[in-house]
Amino acid sequence: MQQVYINQLSRHAGEEVTVRGWLYNTRSSGKLMFPQLRDGTGVVQCVVFKKAVAPEVWDALNHLGQESAVTVRGTVRADERAPGGFEIDVADAEVLQRAENYPITPKEHGTEFLMDHRHLWLRSRRQHAILLVRHTIVDAVRDFLNRDGFVLCDTPILTPAACEGTTTLFEVDYFGEEKAYLSQSGQLYNEATAAAFGRVYCFGPTFRAERSKTRRHLTEFWMVEPEMAYATLDDVMNLSERFLSSIAARVLEERPEELKVLERDTSKLEAITPPFPRLHYDEAVRILHEGHERGEMEQRFEWGGDFGSPDETYISGRFDKPVMVHHYPAAVKAFYMQRDPERDELALGVDVLAPEGYGEVIGGGERATSLEFLEEQLRLHELPREAFEWYLDLRRYGSVPHAGFGMGIERCVAWMCGLEHIRETIPFPRMLYRLRP
RNA sequence: UCCGCAGUAGCUCAAUGGCAGAGCAUUCGGCUGUUAACCGAAGGGUUGUAGGUUCGAGUCCUACCUGCGGAGCCA
């Protein structure tokens, strides 16, 4: 007897197989039953005739609660009436555990209820589809970087100090001797490994203790950060463009069924191909001013500020591809950004704004190379010099132009899936008011 | 942290200041091709918490709690 996964059933038409799974839903009609089984790879409809099985099998399946653990043995048969095109004529079945009163019924539920039952919600079709797309995106990210010559060189999660000194950090007691902080970026360590390996990336959890409460924020999220030695802002933009395009292509290729479940407009993903529009900050501001004059933007944007969420949405809304905004004012960017040699008030940084209001998915740029400049920046930002001594070493010993970016995986998943909220893009989201389950 | 909205059965929601309701889920019964199956019946309530106004509060007022949406900050 071969044990088969549901997504492989089409290869076993006419054969007798065993499927092991959980009861998804049942329809019963007296002497005929249609239990639907899911096994993690898909859902299949089973057909049970009362006369075709032993009485105890019929009784066991009858009135069985949703999500009970069941194995069935039967013959695979193509049938137009079956969702998915194939069904199983059941000859025998075994109930491993009878589940009663499964809380998530095949009806509508509110967000709070579903989030409280996240450990069970993951079993539902839509969540299942999202997390499979996430899996493919993570896979595509690793494949792309590995094939492009980047070396995975992960950076620490427990760190002694703020990397950028701006956002709030989660504090951890380190053996009662000192405070440690959960990493909010692998950026600075990446610069060290890039000087060791040339092209590197880190990919792991990132923590931000910001009291943000929007559909784009998690307190714990996954970020991939490539960093290249001997590279410039243009190299970062070229990489971002190829990177996002390859991810979109992989999702389209490998997850058409899941995109259908999510009712994603795939033409939006097909549009993600190089080249992406590149917008100097000055031009972006001009677009915002035009928007204001047309009455499409409430307030007139002041040159020099960072873009707020409505600004990003307005700018990206004018393109059907991701937009790369570069040369931001240095004042709104991190201290380690390289300055524009022609206009010192600008930083060689770039934000990639995703279309459809998904906001900033990538942020990056060229890093400062000068020891003196960084020493001055540390002073201006009132950062503890001792903590950054090792970082300054990177400018003492073979300092070269180098650049990189960070991409938030969950924002990418939300974008690719066309989701309203980032909370569904990670199995167990951590948010301002959500630490459990 | 600020602004706005909400909280009624296990779930999703209704109820003009005047008897606490429906659908789904659950339990029982019926049905040999169902597609969120259908038909019939039953059980199920301290209306988020604490005060207040009123003859009378799910409904109006105040505070708090919880959640949702947005802003700021950011990926």
Side-chain angles (χ1 to χ4, degrees), chain A residues 24-36 43 45-52 58 62-63 65-67 77 79-85 87 89 99-117 120-121 124-125 164 166-169 184-187 205-225 240 298-299 305-313 332-334 350-354 357-364 405-415 420-423 425-426 431-434:
Chain A
Y24 195 70
N25 195 12
T26 308
R27 282 176 282 273
S28 164
S29 151
K31 300 185 175 65
L32 179 62
M33 230 190 299
F34 299 95
Q36 289 188 315
V43 178
Q45 171 168 288
C46 302
V47 186
V48 188
F49 284 97
K50 192 170 185 177
K51 283 182 181 173
W58 177 265
N62 209 8
H63 302 295
Q66 196 184 345
E67 288 301 321
R77 184 169 43 77
D79 194 307
E80 282 182 2
R81 294 168 293 187
E87 59 186 22
D89 283 325
E100 287 173 18
N101 293 317
Y102 183 71
I104 302 179
T105 59
K107 278 280 181 177
E108 290 164 17
H109 298 283
T111 310
E112 183 185 7
F113 177 81
L114 289 170
M115 289 302 291
D116 284 342
H117 296 84
L120 302 176
W121 190 21
S124 70
R125 201 183 291 256
E164 305 181 23
T166 52
T167 42
T168 332
L169 297 165
Q184 61 169 358
S185 167
Q187 162 58 32
T206 303
F207 305 87
R208 303 271 168 96
E210 295 154 5
R211 301 184 76 83
S212 299
K213 192 174 145 24
T214 79
R215 65 180 73 182
R216 295 176 307 280
H217 285 86
L218 296 169
T219 52
E220 176 183 323
F221 64 98
W222 283 65
M223 187 157 67
V224 57
E225 295 173 275
S240 303
E298 270 189 42
Q299 290 186 324
D306 204 355
F307 301 132
S309 183
D311 305 317
E312 286 184 356
T313 303
V332 301
K333 289 289 168 186
V350 58
D351 283 353
V352 183
L353 308 180
Y358 282 99
E360 184 185 346
V361 287
I362 281 181
F405 67 75
M407 182 183 79
I409 289 296
E410 288 76 13
R411 284 193 182 173
C412 183
V413 175
W415 170 30
E420 282 294 310
H421 202 296
I422 199 169
R423 67 184 153 224
T425 62
I426 185 166
M431 296 178 294
L432 181 52
Y433 296 119
R434 173 67 61 179

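Per chain, numbering begins at 1; letters A, B, ... match sequence-line order. Computed from a prediction, not measured in an experiment: that's the story for all the values here.
- Residue A:Arg423 places at least one side-chain N or O under 4.0 Å from the OP1 or OP2 atom of B:G69.
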Between the protein and nucleotides 31-33 of chain B, which nitrogen or oxygen pairs are less than 3.5 angstrom apart?
unit_1: B:C31; atom_1: N3; unit_2: A:Gly30; atom_2: N; d: 3.3
unit_1: B:C31; atom_1: N4; unit_2: A:Gly30; atom_2: N; d: 3.4
unit_1: B:G33; atom_1: O2'; unit_2: A:Arg81; atom_2: NH1; d: 3.3
unit_1: B:G33; atom_1: O6; unit_2: A:Arg77; atom_2: NH2; d: 3.4
unit_1: B:G33; atom_1: N1; unit_2: A:Glu87; atom_2: OE2; d: 2.8
unit_1: B:G33; atom_1: N2; unit_2: A:Gln45; atom_2: NE2; d: 3.3
unit_1: B:G33; atom_1: N2; unit_2: A:Glu87; atom_2: OE1; d: 2.7
unit_1: B:G33; atom_1: N2; unit_2: A:Glu87; atom_2: OE2; d: 3.3

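- Between B:C3 and B:U46, the distance separating the two C1' atoms is 33 Å to the nearest Å.
- Rounding to the nearest 0.5 Å places CG of A:Leu432 at 10.5 Å from CD of A:Glu210.
- Every residue two or more places apart in sequence or in another chain was checked for a salt bridge (Lys or Arg N to Asp or Glu O under 4.0 Å) with A:Asp306, and none qualifies.
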Show me the protein contacts with nucleotides 22-27 of chain B, counting only N or O atoms at under 3.5 Å.
none

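- Within the 4.0 angstrom heavy-atom criterion, no nucleotide atom of any strand lies near A:His117.
- Only the C1' atoms considered, B:A57 is 14 Å distant from B:G51, to the nearest whole Å.
- In RNA chain B, runs of at least 3 stacked Watson-Crick or G-U pairs (N1-N3 plus N6-O4 or O6-N4, or N1-O2 plus O6-N3, all under 3.5 Å) give these stems: B:1-7 with B:65-71, B:10-13 with B:21-24, B:26-30 with B:38-42, B:48-52 with B:60-64.
- Atom OH of A:Tyr358 is separated from atom CD1 of A:Ile422 by 10.5 Å, given to the nearest 0.5 angstrom.
- Using C1' as the reference atom, B:U49 and B:A6 are 16 Å apart when rounded to the nearest Å.
- As rounded to whole Å, 18 Å separates atom P of B:G10 from atom CG of A:Leu120.
- Residues that satisfy the ring-ring contact (aromatic ring centres under 6.0 Å, His included) test with A:Phe113, not counting sequence neighbours, are A:His109, A:His117.
- At the phosphate of B:C74, neither OP1 nor OP2 sits under 4.0 Å from any side-chain N or O atom of A:Arg208.
- Separating the P atom of B:G58 from that of B:A15 is a span of 15 Å, rounded to the nearest Å.
- Judged by distance alone, the side chains of A:Gln66 and A:Thr105 never bring a donor and an acceptor atom under 3.5 Å apart.
- A donor-acceptor contact shorter than 3.5 Å links the side chain of A:Thr214 to the backbone of A:Arg216.
- Here A:Ile104 contributes atom CD1 and A:Glu67 contributes atom CD; the two are 8.5 Å apart, rounded to the nearest 0.5 Å.
- The CG atom of A:Asp116 sits 10.5 Å away from the OG1 atom of A:Thr111 when rounded to the nearest 0.5 Å.
- Positionally, the nearest nucleotide of RNA chain B for A:Met431 lies more toward the 5' end than for the other of A:Val332 and A:Met431.
- Between the CZ atom in A:Arg411 and the CE atom in A:Met223 there is a gap of 10.5 Å [rounded to 0.5 Å].
- Taking atom P on both nucleotides, B:C60 is separated from B:U16 by 10 Å, rounded to a whole Å.
- Between the side chain of A:Ser212 and the base of B:C73, a donor-acceptor pair under 3.5 Å is found.
- Counting only heavy atoms from C-beta on, A:Lys213 has its side chain closest to B:G69 among B:G69, B:A75, B:C11.
- The same atom, P, is picked in B:G10 and in B:U53; the two are 32 Å apart, to the nearest Å.
- Here the side chain of A:Phe113 is nearest to one of B:A71, B:U12, B:C74, namely B:U12.
- Rounded to whole angstrom, the span from the CG atom of A:Leu432 across to the C1' atom of B:C74 amounts to 14 Å.
- Residue A:Phe307 contributes atom CZ, which lies 13 Å from atom P of B:G72 at whole-angstrom precision.
- Using a 4.0 Å heavy-atom cutoff across all strands shown, A:Met223 reaches sugar-phosphate atoms only and no base atom.
- Separating the C1' atom of B:U26 from that of B:G43 is a span of 9 Å, rounded to the nearest Å.
- For the C1' atom pair drawn from B:U62 and B:G72, the interatomic distance equals 29 Å after rounding to whole Å.
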Trace of the side-chain contact (heavy atoms from CB on, under 4.5 Å) decision for A:Trp222 with A:Ile426
CA-CA 9 Å; A:Trp222 283 65; A:Ile426 185 166; 4.0 Å; yes

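- Per the geometry, CZ belonging to A:Phe207 stands 16 Å off P belonging to B:A75, to the nearest Å.
- For the atom pair OG (A:Ser309) and CD (A:Glu360), the distance works out to 11.0 Å, reported to the nearest 0.5 Å.
- Distance alone, capped at 3.5 Å, places no donor-acceptor pair between the A:Glu410 side chain and the A:Phe221 backbone.
- Looking at residues two or more places apart in sequence or on another chain, you find no salt bridge (Lys or Arg N to Asp or Glu O under 4.0 Å) involving A:Glu100.
- Nucleic acid contact class of A:Pro83 (heavy atoms, under 4.0 Å, all strands): base.
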